[in-house]
Engineer: 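Here you go, one structure.
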Amino acid sequence: MNEIFNFSAGPAMLPKQVLKQIKEELYNWNNMGASVMEISHRSLEFLQLIQDAKKDICDLLDIPENYAVLFCHGGARAQFSAVPMNLLEKSSDNVDYVNTGYWAYSAATEAKKYCNPHVINVIKIKNRLYNIQPMSQWNVSTNSIYIHYCPNETIDGIAVYETPSFPEKIVVADCSSTLFSCPINVSRFGIIYAAAQKNIGISGLTVIIIRKDLLKEPNRAVPSILNYKILFDNGSMFNTPVTMSWYVASLIFKWLKQQGGLKEVNKRNKEKAAFLYKAIDSNDFYYNNISPSNRSCMNIPFFLKKNKLNDLFLKESTRFGLCGLQGHRTAGGMRASLYNAMTLEGVQKLVEFMQLFSEKYR
Ligand SMILES: *Cc1c(COP(=O)(O)O)cnc(C)c1O
């Protein structure tokens with residue numbers, strides 16, 4: 001069977017090596033005579049898995065001592081609620097939400113249930129391209145408790161590459177589609193969260209990195225399973241965790257270390273993205289609408305100038321061995337997600353197809 005390359009935005013492809021390992025140990029994990037899905041989350045073997053996974057996360061991201069790693073349910077959207085519920089002292093507290101696109105705006109919308117978020121619009125259009133204002137120009141409130149932003153907009157394909165520097169603020173970041181794709185300076189953040197199904201593993205799990213001074217008993221009634229302090233005090237096992245997702249993530253962290261860590265992975269991600277953007281820019285059959293300095297390395301939307309050919313493009317690309325290229329329903333067009341697991345070979349195959357298709361239907 002010819003290899004099929006999967007460009008899905010999430011749930012997304014996993015490294016072949018990891019899939020193989022899951023298959024090999026499915027019936028008998030760690031010599032326990034059962035699969036990892038069938039054993040207690042409190043067994044010594046599973047507790048070891050979680051301890052190792054936490055250590056791998058800390059190694060990969062170079063996390064300072066004063067931070068904790070938590071695992072949660074409910075994807076990133078659960079954090080859209082958990083963040084304001086845990087951090088707000090009262091509903092009249094001021095909070096900033098930076099609007100860069102679909103996900104950042106969704107987080108702000110959810111926060112409206114708990115407070116009156118100040119939404120900062122930072123997207124500008126210049127020469128018909130979307131770009132994000134530099135952080136120094138963000139209209140951050142003087143008295144806000146925290147500032148929330150999304151470094152990589154999975155749907156819009158727009159990214160903030162600046163490292164935040166808001167020393168008086170708690171910086172909260174939805175890193176669902178960018179965490180573990182590149183090194184980050186964790187010390188600049190109060191809370192980083194990421195749903196697993198983009199770059200960490202499979203859905204169900206959210207990884208949270210939180211500065212320990214924020215692990216306080218919240219001022220309001222927060223469901224225990226979303227209460228950061230309770231999660232921390234219980235080793236993220238206040239209730240039964242998503243064990244299979246934790247297991248897959250633990251394999252991904254090991255795989256990332258084998259790849260040479262995040263610096264190396266980032267180098268490859270940049271190469272892959274540059275290769276695809278060049279193919280889009282150099283062929284007037286296609287276009288991308290993000291300014292080069294804010295183009296995402298992870299999620300690359302592109303459009304056909306003859307958009308009547310969209311369905312045909314998708315049909316023929318499937319036959320060519322490419323899948324998951326349909327753009328998000330709100331954005332239209334195409335989108336290629338190039339997470340860590342995507343190989344340069346896969347991107348080359350996509351570019352080859354784009355060239356052939358444009359010659360055929362020009
Ligand atoms: C996918 C995604 C989400 C939503 O994640 P769920 O796990 O479906 O809740 C939120 N934010 C970003 C940036 C995402 O990419």
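One-based numbering, in listed order, for ligands and for the atoms of each. When a residue number appears, it is its place in the shown sequence, counting from 1. Reckoned from all heavy atoms, side chains included, excluding hydrogens, waters and symmetry mates. A quick note: this is a predicted structure, and the numbers were derived from the prediction, not measured.
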Engineer: Between the side chains of Y247 and E25, does any donor sit under 3.5 Å from an acceptor?
Structural biologist: yes
Engineer: How about H41 and T243: does a side-chain donor come under 3.5 Å of a side-chain acceptor?
Structural biologist: no
Engineer: When only distance counts, is N152 in polar contact with ligand 1, meaning an N/O pair under 3.5 Å?
Structural biologist: no
Engineer: Would you compute the distance between atom CD of E153 and atom OG1 of T100 and round it to the nearest 0.5 angstrom?
Structural biologist: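 Here the interatomic distance stands at 3.5 Å.
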Engineer: What's the verdict on side-chain hydrogen bond (donor to acceptor under 3.5 Å, both in side chains) for N131 and N294, showing C-alpha distance, side-chain angles and the deciding distance?
Structural biologist: CA-CA 6 Å; N131 71 306; N294 291 116; 4.6 Å; no
Engineer: Relative to ligand 1, is K198 under 4.0 angstrom through side chain, backbone, both or neither, heavy atoms considered?
Structural biologist: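 The part of K198 near ligand 1 is the side chain, not the backbone.
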Engineer: In ligand 1, which numbered atoms sit nearer than 4.0 Å to a non-hydrogen atom of C150?
Structural biologist: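 By the 4.0 Å cutoff, the relevant atoms are 13 (C).
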Engineer: In terms of residue, atom name and distance, what is the protein heavy atom nearest to atom 11 (N) of ligand 1?
Structural biologist: D174 OD2, 2.6 Å
Engineer: For ligand 1, is Q197 a contact, meaning one of its heavy atoms is under 4.0 Å away?
Structural biologist: yes
Engineer: May I ask you to establish whether K306 and F285 are in a cation-pi arrangement, using a distance under 6.0 Å from NZ or CZ to the six-membered ring centre and at most 45° from the ring axis?
Structural biologist: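 Relative to the ring axis of F285, which defines the angle, K306 lies outside at least one limit.
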Engineer: How close does the nearest protein non-hydrogen atom get to atom 5 (O) of ligand 1, and which residue and atom is it?
Structural biologist: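 Nearest neighbour among protein heavy atoms for atom 5 (O) of ligand 1, to 0.1 Å: A76 CB, 3.5 Å.
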Engineer: Could you tell me whether R220 and E89 have a side-chain N and a carboxylate O separated by less than 4.0 Å?
Structural biologist: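 Looking at R220 and E89, the cut-off is not met.
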Engineer: Which of the atoms of ligand 1 are close to G75, meaning less than 4.0 Å from one of its heavy atoms?
Structural biologist: 7 (O), 9 (O)
Engineer: Quick one: look up the protein heavy atom nearest atom 4 (C) of ligand 1 and list residue, atom name and how far away it is.
Structural biologist: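 Going by distance alone, atom 4 (C) of ligand 1 is nearest to W103 CH2, 3.5 Å.
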Engineer: Which atoms of ligand 1 sit under 4.0 Å from any heavy atom of T154?
Structural biologist: 12 (C), 13 (C), 14 (C), 15 (O)
Engineer: Between N299 and S337, is a side-chain hydrogen bond (donor to acceptor under 3.5 Å, both in side chains) present by the stated rule, with each step listed?
Structural biologist: CA-CA 4 Å; N299 312 95; S337 292; 3.0 Å; yes
Engineer: Among all protein heavy atoms in this structure, tell me which lies nearest to atom 9 (O) of ligand 1, with the distance rounded to 0.1 Å.
Structural biologist: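 Of the protein heavy atoms, R77 N, 2.8 Å lies nearest.
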